[in-house]
Amino acid sequence: MSGFSASGKVFDTIFLESKSAFICELPSAQAKNSGGIFKPDLANGENDRKLCAERSPKRVEVSDHSPSASRELHVLAVDDSHVDQKVIERLLRFSSCKVTAVESGRRALQYLGLDGDKSTVGFDALKVNLILTDYSMPGMTGYELLKKIKESSTLREIPVVIMSSENILTRIHSCFGGRGRGVSREPVKLSDVKRLKDFVLRGEGEENGVTGTHKRKLQDNSMPPSSSSSSSSLSSYQSPSPGPMSSSESLLSSDGSSSPQPSSSPLLLKSLSKRPRLRID
Amino acid sequence: MEVVQLQTRFVEYTASLFREGYLDAQFTQLQQLQDESNPDFVVEVVSLFFEDSERLLNDLTRALNQQSVDFKKVDANVHQLKGSSSSIGAQRIKNACITFRNFCDEQNIEASLRCLQQVKQEYSLVKNKLDTLFRLEQQIVAAGGSIPVME
């Protein structure tokens with residue numbers, strides 16, 4: 001699911017079909033289906049679970065697992081809106097993520113130790129696995145925050161996802177120009193968080209060498225040589241047609257699954273990571 | 001009133017809110033996030049939304065009644081309101097905000113004032129509806145019942 005909807009607007013992130021077929025072979029994947037996120041009596045949850053099952057049966061299992069598998073993701077959520085912040089936090093915690101919420105890009109940089117002062121707490125201690133940021137914020141936009149993070153040698157590997165309700169292609173273009181990559185719709189939903197988690201966890205799995213084969217296959221399937229990030233994301237954006245996609249990563253499902261109502265202003269979230277190679281220190 | 005009657009009323013009332021477009025699927029999402037460990041999640045988020053909205057609506061009223069209207073500021077506020085109403089599933093407010101922003105783009109004061117009125121009206125309506133809904137929930141719980149999960 002990728003590219004443009006009938007109306008010509010980019011409506012969701014670009015999904016690497018081949019990657020979605022991979023089963024992430026983390027130890028936790030072998031464990032029971034946690035079924036933790038979706039309650040059985042909730043139709044929406046069931047639909048999402050079915051959707052996940054269709055794509056790749058095991059994907060559902062990798063997610064919100066117990067910390068004992070040390071796969072509890074630590075997400076840094078950046079948003080100036082109290083309402084959105086509360087919803088995001090709950091979405092993430094519900095999905096068994098550890099959440100640190102800050103209300104501005106500045107605060108986010110402070111937390112990450114990028115504000116110029118030598119932080120006493122090293123980055124290792126923070127171990128942020130994913131940064132989720134609003135796009136339009138006073139002071140520093142999500143995109144500006146992204147740029148600062150990607151300029152940092154220690155932090156640039158952290159996937160950064162920008163949430164936006166703006167449906168303006170120019171914004172997307174500029175984001176892609178700055179190595180942005182996927183877009184996700186606002187308001188963010190549980191199914192979005194699921195996919196984000198899967199995405200991040202898969203990256204960690206690779207790092208641990210558990211999914212060595214994944215890496216090779218990924219490289220085979222990706223368009224440009226997989227390690228390049230910005231160029232590949234740009235090119236994949238420019239050829240947004242669905243199909244055996246490029247190396248760009250869609251973190252969210254297509255319109256059909258996670259947004260039942262016609263959204264007049266879809267939130268475009270951009271996944272701004274390079275290939276999901278998280279350095280686990 | 002009996003629990004079952006209250007629950008039926010709750011279900012019907014909720015369904016009507018969706019049918020009439022006051023709420024959309026995002027509200028259902030919020031309900032799904034509520035559980036034993038976070039039993040008041042929806043009420044908390046919605047209360048936060050009410051607070052934020054009232055502040056924004058006041059700011060908007062002030063901004064549009066200035067001698068020289070700062071449309072950038074107006075637009076930024078409407079954008080915020082659009083975002084938060086979207087986050088809780090308050091569809092009609094969200095849509096009213098979208099229309100509002102179009103007039104901001106045109107820097108049309110008259111139309112913007114009308115839009116503001118419209119947004120305030122929608123806000124008022126949905127606030128009443130949600131207050132009623134939460135009251136029903138409280139009654140159900142007080143009568144010893146559980147709140148039906150909406151599909």
Side-chain angles (χ1 to χ4, degrees), chain A residues 36-49 79-96 103 134-139 141-142 163-168 185-194 255-267, chain B residues 18 21 23-38 40-53 55-56 72-73 75-99 101-102 105 146-151:
Chain A
I37 292 183
F38 301 106
K39 295 180 186 171
D41 55 344
L42 298 176
N44 282 352
E46 277 169 11
N47 284 339
D48 285 336
R49 191 161 44 199
D79 201 318
D80 62 316
S81 157
H82 301 138
V83 175
D84 291 352
Q85 195 61 285
K86 190 165 172 81
V87 176
I88 297 277
E89 262 190 273
R90 181 69 190 124
L91 270 171
L92 291 168
R93 290 207 171 106
F94 192 86
S95 310
S96 304
E103 57 187 18
D134 190 15
Y135 178 90
S136 52
M137 296 185 287
T141 67
M163 301 175 285
S164 169
S165 60
E166 294 301 317
N167 193 22
I168 303 170
R185 260 171 327 203
E186 200 164 52
V188 181
K189 301 172 183 51
L190 270 176
S191 49
D192 300 332
V193 175
K194 260 201 90 18
D255 220 20
S257 63
S258 57
S259 176
Q261 82 276 28
S263 46
S264 50
S265 51
L267 172 82
Chain B
F18 281 94
L23 300 176
D24 64 26
Q26 181 62 12
F27 189 79
T28 311
Q29 174 76 103
L30 294 189
Q31 290 176 313
Q32 289 174 357
L33 291 173
Q34 185 162 285
D35 60 15
E36 309 77 41
S37 63
N38 285 264
D40 300 314
F41 175 68
V42 182
V43 171
E44 286 168 6
V45 179
V46 172
S47 302
L48 212 47
F49 169 71
F50 289 160
E51 269 175 44
D52 261 14
S53 302
R55 180 183 48 86
L56 284 167
K72 256 183 110 173
K73 184 161 192 275
D75 184 72
N77 281 345
V78 180
H79 172 73
Q80 269 196 59
L81 186 56
K82 188 193 86 170
S84 53
S85 56
S86 171
S87 291
I88 69 151
Q91 192 176 245
R92 279 162 65 145
I93 300 180
K94 180 188 78 173
N95 290 339
C97 287
I98 293 171
T99 310
R101 287 191 86 194
N102 291 335
D105 285 345
S146 61
I147 300 162
V149 176
M150 301 303 297
E151 307 224 340

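Each chain gets a letter, A, B and so on, in the order the sequences are listed, and its residues count up from 1.
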Problem set entry | Passing option when B:Val45 is tested against A:Lys86, A:Arg90, A:His82 for side chain to side chain contact (heavy atoms under 4.5 Å, CB included) | A:Lys86
Exercise. Looking at A:Pro187 and B:Ser87, what are the two nearest heavy atoms and their distance?
Worked result: CB-CA, 4.0 Å
For this session: Begin with the C-alpha distance, continue with both residues' side-chain angles, and end with the deciding distance and a verdict on side-chain contact (heavy atoms from CB on, under 4.5 Å) for B:Gln26 and A:Val87.
Result: CA-CA 11 Å; B:Gln26 181 62 12; A:Val87 176; 4.2 Å; yes
For this session: Using non-hydrogen atoms and a 4.5 Å limit, figure out which bit of B:Glu51 sits close to chain A: side chain, backbone, both or neither.
Result: neither
Seminar exercise, completed: Applying a strict 4.5 Å limit to non-hydrogen atoms, the region of B:Ser37 in contact with chain A is side chain
Exercise. Do you know which two heavy atoms are closest between A:Asp84 and B:Gly83, and how far apart they sit?
Worked result: OD1-O, 3.8 Å
Problem set entry | Interchain contact, A:Ile88 with chain B, by part (heavy-atom threshold 4.5 Å) | neither
For this session: To the nearest 0.5 angstrom, please state how far the OG atom of A:Ser191 sits from the CD atom of B:Gln29.
Result: 6.5 Å
